[in-house]
Protein chains: 2
Amino acid sequence: MAEVTLKDVARASGCSIATVSRVLAGTRPVGAETARTVREAAERLGYRPNQVARALRSRSTGTVGLVLPQITNPFFPSLVRELEHALHAGGRAVLLADCDDDPLTEAARIGALLDRQVDALFLIPVDEHRSRDAVADAAARVPLVLLDRGCGPGVADSVAVDNAAGMALVLEHLAATGRRRPCFVGAAGTASAAVERRTAYEAGAAAFGPEAAARIELGDFSVEWGRAAVDRIWPARPDALVCANDLIAVGALQRLRQLGADVPGEIAVTGFDDIPLAGLADPALTTVRQPVAELAAEATRLLTHRPGAPGSRRAVRLAPQLVIRASSTPGGPLIPRPR
Amino acid sequence: MAEVTLKDVARASGCSIATVSRVLAGTRPVGAETARTVREAAERLGYRPNQVARALRSRSTGTVGLVLPQITNPFFPSLVRELEHALHAGGRAVLLADCDDDPLTEAARIGALLDRQVDALFLIPVDEHRSRDAVADAAARVPLVLLDRGCGPGVADSVAVDNAAGMALVLEHLAATGRRRPCFVGAAGTASAAVERRTAYEAGAAAFGPEAAARIELGDFSVEWGRAAVDRIWPARPDALVCANDLIAVGALQRLRQLGADVPGEIAVTGFDDIPLAGLADPALTTVRQPVAELAAEATRLLTHRPGAPGSRRAVRLAPQLVIRASSTPGGPLIPRPR
DNA sequence: ACATTCCCGGAGAACGTTTTCCCGAGGTAC
DNA sequence: GTACCTCGGGAAAACGTTCTCCGGGAATGT
């Protein structure tokens, strides 16, 4: 029951440690007969290579750190899931670090992971600016892929949804279903998602007339803000509420219902991200689905492809998908258009 | 920029590797003067101990595996968060493994984590029975704490909420607010949470009369089942729907609304777990809050306290808390009673 | 027949720590 | 003065791999 090592297998199979290692790792051709003997002995003894020793010698732990602001943010679990599966499929393990939305904790966690010799880092930065130094330092030491949110230009490779395209899909849909007076409920601050979605709204809303692009309320990415925003907006009677994420939209739906507004009859509401909650809201929320599996696949692809050339940072943007549900379609959900 | 090792610090401070190690690890008293020199050199060079080498030598990685069925299950993220914080506070790191609700994947993940020499495992088993062998094997190798769900008696230490107490709180509350005809919507199968909550309902419902304990519908722990269950139950016009978890309850709320039922006027609905969605449902869901932080604290306490005596498995049960919201109180939420 | 290559396998260094063992200096007890 | 601690410190083993180097034999070429 005690650990069986290469030495044990070597002794049992009557050859040297080096040979056993070569057979099991397949790093160099070995005579067919000896290979058979070794494999049999390894099997019989139940040998499992010690990954720590392997890591020390080969300078690669087969471990990737995953640093995120708050696992309780409802958008992250599905992303974590996909990343975990993608990495485990490649035989790598995931060291998880939750930052509690605090840049200092984030820096500490990154340091702890680096001390543990992670081969690479997946990181969703807490803050566009305040995460930057720690992220840049880390990116200088290991391959690092930024996910979902940016962290200043040229700091590291990044993979994210194309926020502008998503917002365009929403506005296009609203226009096609006859909405005329949209209004945007977004988040203040410099987080990339907040900025990109806001500016994309401004750009796209021009098609609804000059004043539509100006109907913007900014708070944060929370349900509470969604509720509060409705109180500020509803008197102006917009016929569509474009929310910067699903939490805001859910809050808006709740408050609109309290006020007796008819969604989607009087006013359409849309979200962004397609968190699980979106489909469960009442009415079910029209939203922009992030291509989570593709994000994960692209992220893992990035870190295998890049040894660490510091010159060219890559920023991959993936196409989102519009998910049309009841909150924007009086006659019930439509079939999403192909794009 | 290349890794600075003990050897470098030794050279810079003019003493031996052993001494440096002793100073930095504090394992043996060292002369005050040398200690100062060493610490200064370490600081100046920016020395960070290589955790992999440390792990190899000391046979302890300072790493704990966390194995769970599905990170996308809305109850888990907060638990993961608390566990992660509790462990990181102790200087340990978390290797995350998501099993995709599949016992085979679970066994593979457990094996992968053991190969990585985790010091211990936190595990939420996928299935009461089909997880058992893999869990028992793992528990024989490292300290293992079962969380939230059981896995047969005597397999490993476990920490979970006291489901019976939670269900009792619910029934007590319903009785106190005048409900007379409760009905239970639970999950079939042998999962410990499903069984315990079901039997606790049966025991507690006896106070409502003999037929109340028999009003039980069993499906699974999903929103869909909650919706479906309402269709089977509503014709009998119960005045309270006791759901085995929040997802079921949310599904029930949705369907009841579609049917035009008045919640909580005509019928109260309660859940279990207090997932984030519970507070956002409409009406907000009365439910039983799991003491997530305490679960995590107790779990970490268990694995430090127990070297691995195979004789006595400990099963810790923690008291839940009733969270009273609008779904069970016609006059708006009451103040939760102290207990 | 001899040089060259190739193939298979072993001995041992290396990875960066922790820890055991040892040594010398200085103090104390007799 | 000798015996015996204690204390600060160094040399080197050990952890379990991977990988480099080396050697012996067979095969091939001239």
Side-chain angles (χ1 to χ4, degrees), chain A residues 1-39 41-42 45-63 91 93 112 114-119 141, chain B residues 1-39 41-42 45-63 91 93 112 114-119 141:
Chain A
M1 189 49 71
E3 285 316 297
V4 31
T5 74
L6 272 190
K7 179 151 47 165
D8 301 321
V9 178
R11 192 174 324 122
S13 64
C15 59
S16 76
I17 295 182
T19 304
V20 177
S21 170
R22 287 195 271 253
V23 171
L24 268 27
T27 60
R28 240 185 57 179
V30 166
E33 180 61 16
T34 20
R36 209 185 46 74
T37 321
V38 166
R39 252 185 282 270
L45 299 181
Y47 169 75
R48 308 300 307 260
N50 182 323
Q51 300 293 341
V52 172
R54 192 204 289 269
L56 176 60
R57 171 62 222 222
S58 60
R59 327 194 64 68
S60 158
T61 53
T63 285
L114 289 178
D115 286 349
R116 288 212 143 73
Q117 312 291 122
V118 291
D119 289 346
R141 315 244 289 106
Chain B
M1 190 49 70
E3 284 317 296
V4 31
T5 74
L6 272 191
K7 178 149 51 167
D8 301 321
V9 178
R11 193 176 319 124
S13 63
C15 59
S16 77
I17 295 182
T19 303
V20 177
S21 170
R22 289 197 268 253
V23 170
L24 267 30
T27 60
R28 240 186 54 178
V30 166
E33 179 61 17
T34 16
R36 210 187 45 75
T37 323
V38 166
R39 252 186 282 271
L45 299 181
Y47 169 74
R48 308 300 307 260
N50 182 323
Q51 300 292 343
V52 172
R54 190 203 289 268
L56 177 60
R57 172 61 223 222
S58 60
R59 326 194 66 66
S60 159
T61 53
T63 285
L114 289 178
D115 286 348
R116 289 210 142 76
Q117 313 289 123
V118 291
D119 289 345
R141 315 244 288 105

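All chains are named by letter (A, B, ...) in the order of the sequence lines, taking the proteins before the strands, and each is independently numbered beginning at 1.
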Protein heavy-atom contacts under 4.0 Å, written 5' to 3' over nucleotides 13-23 of chain C as B (base), S (sugar-phosphate only) or - (none), form the string BBBBBBBBB--
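- Atom OG1 of A/Thr5 is separated from atom CG of A/Asn50 by 9.5 Å, given to the nearest 0.5 angstrom.
- The CZ atom of B/Arg11 lies 9.0 Å from the CD1 atom of B/Ile17; values are rounded to the nearest 0.5 Å.
- Applying the salt bridge (Lys or Arg N to Asp or Glu O under 4.0 Å) criterion to A/Arg48, with sequence neighbours excluded, gives B/Asp115.
- For the atom pair OH (B/Tyr47) and CG (B/Leu6), the distance works out to 3.5 Å, reported to the nearest 0.5 Å.
- Side chain of A/Thr61 to backbone of A/Gln117: a donor-acceptor contact under 3.5 angstrom is found.
- Between the side chain of B/Thr19 and the main chain of B/Cys15, no donor-acceptor pair closer than 3.5 Å is present.
- At whole-Å resolution of the value, CG in A/Asp8 and C1' in D/dT17 are 13 Å apart.
- Of the inter-residue distances, the one linking A/Arg22 atom CZ with A/Ser16 atom OG reads 6.0 Å to the nearest 0.5 angstrom.
- If you take CZ of A/Arg36 and C1' of C/dC8, they are 17 Å apart, rounded to a whole angstrom.
- A salt bridge links A/Arg141 with B/Glu3: the distance from a Lys NZ or Arg NE/NH1/NH2 to an Asp or Glu carboxylate oxygen falls below 4.0 Å.
- For the OP1/OP2 pair of D/dG8 and a distance below 4.0 Å, the side-chain nitrogens and oxygens of B/Thr34 include no atom meeting the criterion.
- Between its opening and closing five pairs, the helix from C/dA1-D/dT30 to C/dC30-D/dG1 changes axis direction by 50°, a value rounded to 10 degrees.
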